[in-house]
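Any value given below was found using the heavy atoms of this structure, including those in side chains, with hydrogens, waters and symmetry copies removed. Model, not experiment: these values are computed from the prediction.
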Amino acid sequence: MTQDAQQFASDNYAGICPEAWAAMGEANMGSARAYGDDVWTARAADAFRSLFASDCEVFFVFNGTAANSLSLAAICQSYHSVICSSAAHVETDECGAPEFFSNGLKLLAAQSADGKLTPEAIRALATARTDIHYPKPQAVTITQPTETGLVYTIDEIKAIAATCREFGLSLHMDGARFANACASLGCTPADITWKAGVDVLCFGGTKNGMAVGEAILFFNKALATDFDYRCKQAGQLASKMRFLAAPWVGVVESGAWLRNAAHGNACARRLAEGIAGLPGVEPIFPVEANALFLKAPEPVLDGLRAAGWRFYTFIGGGARFMFAWDTDLARVDQLIADIRAAAVA
Ligand SMILES: *Cc1c(COP(=O)(O)O)cnc(C)c1O
């Protein structure tokens with residue numbers, strides 16, 4: 001079968017990285033116990049505990065929507081609310097799943113120009129209403145890196161966590177691209193999670209080089225009570241769990257999780273450097289992870305479409321390009337050349 005030329009419309013266009021694939025192959029040799037009672041699942045959970053230097057509770061689900069929704073539902077009662085950015089995936093791209101799985105929580109979205117949530121915005125929403133008629137704020141969720149490709153610094157997360165503590169809110173992190181944030185900051189996973197005050201992390205595997213799967217890490221273990229039942233009820237307990245767990249063993253134990261992310265980030269930077277100084281064309285947001293949102297006149301975008309490039313324009317208001325573990329540098333250079341040609345045409 002012939003392959004289409006590589007596209008950068010999403011980082012989930014990528015295939016499965018060799019480390020995840022090899023672990024899947026190994027897990028496929030013979031039989032194993034079902035529903036997570038197998039050695040691969042135990043080993044993957046231990047790999048996370050050692051990576052995070054934390055005795056956290058670890059669960060594996062199929063995708064990010066389930067990871068976010070179920071973990072927020074674990075934190076909240078149906079009459080609670082969750083403060084998020086207006087750009088948050090939970091708000092814009094999960095079809096109401098957080099509300100559905102919690103039987104009614106309300107997302108309180110803070111308008112954000114760049115996608116980030118700030119202590120000030122959290123404070124404003126947490127104090128706007130304190131009467132019985134309004135859903136009670138119970139949690140804050142931040143996306144690291146943001147949907148706009150920005151990375152919260154350690155200090156920014158600590159400041160958000162301090163505000164959460166002030167108002168008795170749990171701090172949830174959507175880490176669909178968590179590895180890219182670690183690679184960008186050059187910090188340990190612990191530095192931007194439990195050490196900074198994060199209670200629950202959804203660690204994305206799909207965009208990191210796996211076929212499927214996200215891990216949910218509860219640093220605040222009290223929040224994980226009965227979470228296994230919640231996953232099962234939601235259809236997220238894999239009976240052949242070893243195949244959700246094994247790829248994590250492959251990427252975490254080998255360090256591929258970080259190498260994969262660093263490659264995606266480097267490709268975004270390469271694109272940013274390659275288009276620097278072009279007339280009318282620039283990144284909308286600073287390039288801090290594996291995304292570049294291109295601001296360009298419509299004829300330039302049309303030129304790129306005509307050259308065969310696929311990209312989304314519904315997020316962030318420009319043309320989004322996203323890079324993954326498998327990004328071919330020659331294709332990035334081709335994109336740079338095509339943007340240059342379109343910009344000066
Ligand atoms: C991709 C993504 C998710 C997960 O989406 P699924 O399609 O449900 O796996 C969650 N949050 C963010 C910010 C994402 O980009």
What distance do [X] atom [atom1] and [Y] atom [atom2] have between them, rounded to the nearest 0.5 Å?
X: I339; Y: I336; atom1: CD1; atom2: CD1; result: 7.5 Å
X: I142; Y: M173; atom1: CD1; atom2: CE; result: 4.0 Å
X: L292; Y: I275; atom1: CG; atom2: CD1; result: 5.0 Å
X: F48; Y: W257; atom1: CZ; atom2: CH2; result: 9.5 Å
X: E91; Y: N68; atom1: CD; atom2: CG; result: 12.5 Å
X: S170; Y: D199; atom1: OG; atom2: CG; result: 4.5 Å

Non-hydrogen side-chain atoms of [X] and [Y] separated by less than 4.5 Å:
X: I160; Y: I122; answer: yes
X: Y35; Y: S239; answer: yes
X: I83; Y: T141; answer: no
X: V58; Y: F60; answer: yes
X: V151; Y: L185; answer: yes
X: L117; Y: S112; answer: no
X: F167; Y: V140; answer: no
X: T313; Y: R320; answer: no

S10/N12 under side-chain hydrogen bond (donor to acceptor under 3.5 Å, both in side chains): CA gap, chis, key distance, verdict: CA-CA 5 Å; S10 179; N12 58 25; 2.7 Å; yes
Should N63 and V212 be marked as a side-chain contact (heavy atoms from CB on, under 4.5 Å) after you check the CA-CA gap, both sets of side-chain angles, and the distance that decides it? CA-CA 7 Å; N63 60 30; V212 65; 5.6 Å; no
Please answer whether the main-chain N or O of [Y] pairs with a side-chain N or O of [X] as donor and acceptor at a distance below 3.5 Å.
X: Q144; Y: A181; answer: no
X: R310; Y: R305; answer: no
X: S102; Y: P98; answer: yes
X: H263; Y: N260; answer: no
X: R49; Y: S54; answer: no
X: D38; Y: T41; answer: yes
X: S69; Y: T65; answer: yes
X: K221; Y: D55; answer: yes
X: T327; Y: C267; answer: no
X: R259; Y: S254; answer: yes

Using the rule given for ring pair (Phe, Tyr, Trp, His ring centres under 6.0 Å), can you reason through F52 versus W194, listing the C-alpha separation, both sets of side-chain angles and the distance that settles it, and then say yes or no? CA-CA 9 Å; F52 282 80; W194 63 271; 9.0 Å; no
How close do [X] and [Y] get, heavy atom to heavy atom, and via which atoms?
X: A121; Y: A110; answer: CB-CB, 3.9 Å
X: V300; Y: A343; answer: CG2-CA, 4.0 Å
X: L125; Y: A109; answer: CD1-C, 4.1 Å
X: G209; Y: A20; answer: O-CB, 3.9 Å
X: G149; Y: F293; answer: N-CE1, 4.2 Å
X: L258; Y: A179; answer: CD1-O, 4.1 Å

Are [X] and [Y] in one and the same hydrophobic cluster, where Ile, Leu, Val, Met, Phe, Trp and Tyr link if side-chain heavy atoms are under 4.5 Å apart?
X: V90; Y: L105; result: yes
X: L294; Y: L335; result: yes
X: L51; Y: V251; result: yes
X: V198; Y: F227; result: no
X: L171; Y: V82; result: no

Where do S71 and H172 land on the side-chain contact (heavy atoms from CB on, under 4.5 Å) test, with the steps shown first? CA-CA 8 Å; S71 53; H172 172 275; 2.9 Å; yes
So, are R43 and D46 salt-bridged, with charged N and O less than 4.0 Å apart? no
Note: R270-D333 ion pair, threshold 4.0 Å (strictly below): yes
Distance only, no hydrogens: is a donor on one side chain within 3.5 Å (strictly under) of an acceptor on the other, for [X] and [Y]?
X: T206; Y: E214; value: yes
X: N265; Y: N290; value: no
X: T153; Y: D155; value: no
X: H89; Y: T143; value: no

Can you tell me if CD on Q233 sees more than 12 non-hydrogen neighbours from other groups inside 6.0 Å? no
Could you check whether atom CZ of R129 has more than 12 heavy atoms from other residues, nucleotides or ligands sitting under 6.0 Å from it? yes
Below 30° counts as parallel, above 60° as perpendicular, anything between as tilted: where do the rings of [X] and [Y] land?
X: F59; Y: F218; answer: perpendicular
X: F323; Y: F8; answer: tilted
X: F321; Y: F311; answer: tilted

Has R331 got its NZ or CZ under 6.0 Å from the middle of the six-membered ring of W309, at an angle within 45 degrees of the ring axis? yes
Flag this pair as yes if the NZ/CZ of K116 is under 6.0 angstrom from the six-membered ring centre of Y152 and inside a 45 degree cone about the axis; otherwise no. yes
Verdict with supporting geometry, L108 and Y134, side-chain contact (heavy atoms from CB on, under 4.5 Å): CA-CA 11 Å; L108 303 179; Y134 202 66; 3.3 Å; yes
Can E99 and L107 be said to form a side-chain contact (heavy atoms from CB on, under 4.5 Å), step by step? CA-CA 8 Å; E99 294 91 331; L107 292 171; 3.5 Å; yes
Could you tell me whether W248 and F203 have their ring centroids closer than 6.0 angstrom? yes
